[in-house]
Q: 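Can you keep this structure in mind? I'll have questions shortly.
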2 protein chains.
Amino acid sequence: MPDDVGHEIADALGTLLKRGTRAHLYGRLTEGLGEAVDETTYPVLSGLARTGPCSAADLAGEIGLDRSGVTRRATRLEEAGLLRREPHPDDRRATLLALTETGQRVVQTTRQRLATLIEASLTSWPPEEAQSFARQLHRFVATGPFTES
Amino acid sequence: MPDDVGHEIADALGTLLKRGTRAHLYGRLTEGLGEAVDETTYPVLSGLARTGPCSAADLAGEIGLDRSGVTRRATRLEEAGLLRREPHPDDRRATLLALTETGQRVVQTTRQRLATLIEASLTSWPPEEAQSFARQLHRFVATGPFTES
DNA sequence: CAGATTGCGTGCGCCGCGCACGCTATCCTT
DNA sequence: AAGGATAGCGTGCGCGGCGCACGCAATCTG
């Protein structure tokens, strides 16, 4: 492998992981979706859509946040009607966090917005090149030094 | 272009931009390089290496941070001997931030560490595939919805 | 049935960050 | 040439997010 491949990818990751890009991007995705949906509550919605109904502790591990933070954000989203707390059927201590219908629609909207943004920046790419790039990026992220612990 | 390309890239970006990955990665890169070098001061060093000697305000724009934050981090790095404040030759108001020899070595170390980490996760890739992926990633990041403003 | 454990919500303290002020040096206008 | 306007810098201050730890309720265990 050429020696500058690592450095070239490093540069790209540098601008990608640059401070503010996450807030900037998530801000665009959640724009106009209500007061409760912003760049801080978005990971809760998105993660909950991935995992399905689960406890706050599990969701905390999923999105890399403390359990207390998830609880607070979940409360905000619950008041906005995007998320529902339902008692665990078998354990009356536990409460499951689950998306409401509206919550699922919001997640779907943000996901579609992100996909549209991405595809918009790939319009000039040859289709099969975009396809292979998507697969390679997916694989790279999965096997890279990013999946912590 | 297939419809799921955007969604596949979106998933990858999700895990990449996940909260904590930056701190985790930068923490690994700066491990054992002294008290002053951590995931918060790393962008200052790295950005200063990119731009060359410049003012705190310019560097702030470069790394997406407020001018005051850059000043504080610069002070920490200056006390550690990694960074030097030198008066602007033409304007006696301005102070230029510049890396010292040690600072440049530290940046070089972290950059090499990152490149090594990346290349380590690409060992099983065919060389020309890694090469094309690097170029595509670079292009994607440059033209994507990440370069704010 | 009583102590230990687990899950949850919340009060508290810490720290990063942006805003705004004061100070000094430079520019501009007359 | 001189004084007001402006730019650059450092710093005090307040806000907000986040992790820790406590208290309470429910469950497990011997």
Side-chain angles (χ1 to χ4, degrees), chain A residues 17-24 26-27 30 35-45 47-48 51 53-79 83-98 148-149, chain B residues 17-24 26-27 30 35-45 47-48 51 53-79 83-98 148-149:
Chain A
L17 294 180
K18 180 175 150 188
R19 183 196 145 77
T21 47
R22 172 168 37 213
H24 176 65
Y26 288 1
T30 60
E35 186 73 21
V37 184
D38 57 2
E39 68 266 16
T40 69
T41 53
Y42 168 71
V44 174
L45 291 174
L48 199 52
T51 65
C54 71
S55 73
D58 295 345
L59 190 54
E62 175 71 20
I63 66 179
L65 191 64
D66 190 76
R67 182 177 54 84
S68 62
V70 176
T71 295
R72 291 182 241 266
R73 287 168 169 76
T75 306
R76 285 184 53 193
L77 293 171
E78 187 183 22
E79 293 170 348
L83 184 145
R84 166 178 75 238
R85 289 180 208 258
E86 50 190 31
H88 193 289
D90 298 340
D91 192 340
R92 278 176 25 202
R93 298 173 292 185
T95 67
L96 287 179
L97 304 178
E148 52 180 321
S149 76
Chain B
L17 294 180
K18 181 175 151 189
R19 184 195 144 76
T21 47
R22 173 168 36 213
H24 176 65
Y26 288 0
T30 59
E35 186 73 20
V37 185
D38 56 2
E39 68 267 15
T40 70
T41 53
Y42 169 71
V44 175
L45 291 174
L48 199 53
T51 65
C54 71
S55 74
D58 295 345
L59 191 55
E62 174 72 19
I63 66 179
L65 190 64
D66 191 75
R67 182 177 54 84
S68 61
V70 176
T71 296
R72 290 183 242 267
R73 286 168 169 76
T75 306
R76 285 184 54 192
L77 292 170
E78 188 183 23
E79 293 171 348
L83 184 145
R84 164 179 76 239
R85 289 181 209 258
E86 49 191 32
H88 193 288
D90 298 339
D91 192 340
R92 278 174 27 201
R93 299 172 293 184
T95 66
L96 287 179
L97 305 177
E148 52 181 319
S149 78

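All values derive from a computational prediction rather than experimental measurement.
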Q: Rounding to an integer number of Å, can you tell me how far Leu96(A) CG sits from dG9(C) P?
A: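 That distance rounds to 11 Å.
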
Q: Looking at the base of dT26(C), is there any donor atom on it, or on the side chain of Arg93(B), that sits under 3.5 Å from an acceptor on the other one?
A: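 Absent.
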
Q: From the options dG7(C), dG9(C), dC20(D), select the nucleotide whose nearest atom is closest to the side chain of Arg85(A).
A: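 Selected nucleotide (nearest to the side chain): dG9(C).
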
Q: His88(B) has an atom NE2; how far is it from atom C1' of dA7(D), in whole Å?
A: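 One finds 13 Å between C1' of dA7(D) and NE2 of His88(B), rounded.
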
Q: In this structure, how many angstroms lie between the C1' atom of dG12(D) and the CG atom of Asp66(B), rounded?
A: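 Going from CG in Asp66(B) over to C1' in dG12(D) covers 14 Å.
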
Q: Heavy atoms, side chains only, cut-off 4.5 Å: are Leu17(A) and Tyr26(B) in contact?
A: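 They are in contact (side-chain heavy atoms under 4.5 Å apart), so the answer is yes.
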
Q: Does CD in Glu86(B) sit with more than 12 non-hydrogen atoms of other residues, nucleotides or ligands closer than 6.0 Å?
A: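 Buried by this count: over 12 neighbours within 6.0 Å.
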
Q: Answer with yes or no whether Ser55(B) presents, from its side chain, a donor or acceptor under 3.5 Å of a partner atom in the base of dC9(D).
A: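 For Ser55(B), whose side chain was compared with the base of dC9(D), there is no donor-acceptor pair (under 3.5 Å).
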
Q: Would you indicate which nucleotide in dC20(D), dG9(C), dG7(C) comes nearest to any side-chain atom of Thr71(A)?
A: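 Nearest to the side chain of Thr71(A) among the choices is dG9(C).
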
Q: Can a donor-acceptor pair under 3.5 Å be found between the side-chain atoms of Arg72(B) and the base atoms of dG12(D)?
A: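 Flag set: donor-acceptor pair detected.
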
Q: Let's see if you can work this out: which of dT26(C), dG10(D), dC20(D) has an atom nearest to the side-chain heavy atoms of Ser68(A)?
A: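 So the side chain of Ser68(A) is nearest to dC20(D).
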
Q: Reckon Arg19(A) has a side-chain N or O less than 4.0 Å from the OP1 or OP2 of dG18(C)?
A: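 So the side chain of Arg19(A) is within the cut-off, an N or O lying under 4.0 Å from OP1 or OP2 of dG18(C).
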
Q: If you only use heavy atoms from C-beta on, which nucleotide in dA25(C), dG9(C), dC17(C) is closest to the side chain of Asp91(B)?
A: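 The nucleotide sitting nearest to the side chain is dA25(C).
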
Q: What integer distance in Å separates Leu65(B):CG from dC15(C):C1'?
A: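 Computing the Leu65(B):CG to dC15(C):C1' distance gives 14 Å.
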
Q: Using heavy atoms to find the nearest nucleotide of DNA chain D for Leu97(B) and Arg73(A) separately, return the residue whose nucleotide is more 5′.
A: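 Checking each residue's closest nucleotide, the 5'-ward one belongs to Leu97(B).
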
Q: Measure from CG on Leu59(B) to P on dG10(D) and round the result to the nearest Å.
A: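 Nearest whole value for this atom pair: 12 Å.
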
Q: To the nearest Å, how far apart are Glu86(A) CD and dC8(C) P?
A: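 Rounded to whole Å, this separation is 13 Å.
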
Q: dG10(D) base to Arg67(B) side chain: any donor-acceptor pair below 3.5 Å?
A: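 Present.
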
Q: With a 3.5 Å distance limit and no angle check, can you tell me whether Arg73(B) reaches the backbone of Thr40(B) through a side-chain donor-acceptor pair?
A: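 It does hold such a pair.
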
Q: A side-chain contact here means heavy atoms from C-beta on lying under 4.5 Å apart; do Lys18(A) and Leu65(B) qualify?
A: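 The answer is no, as the side chains (C-beta and beyond) never meet within the 4.5 Å cut-off.
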
Q: Rounded to whole angstrom units, what separation is found between the CG atom of Asp38(B) and the P atom of dC15(C)?
A: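 These atoms are roughly 13 Å apart.
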
Q: Quick one: Asp58(A) CG to dT6(C) P, roughly how many Å, whole number?
A: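 Distance, rounded to whole Å: 14 Å.
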
Q: Do you see a donor-acceptor pair shorter than 3.5 Å between the side chains of Arg85(B) and Thr75(B)?
A: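 Per modelled atom types, Arg85(B) and Thr75(B) side chains form a pair under 3.5 Å.
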
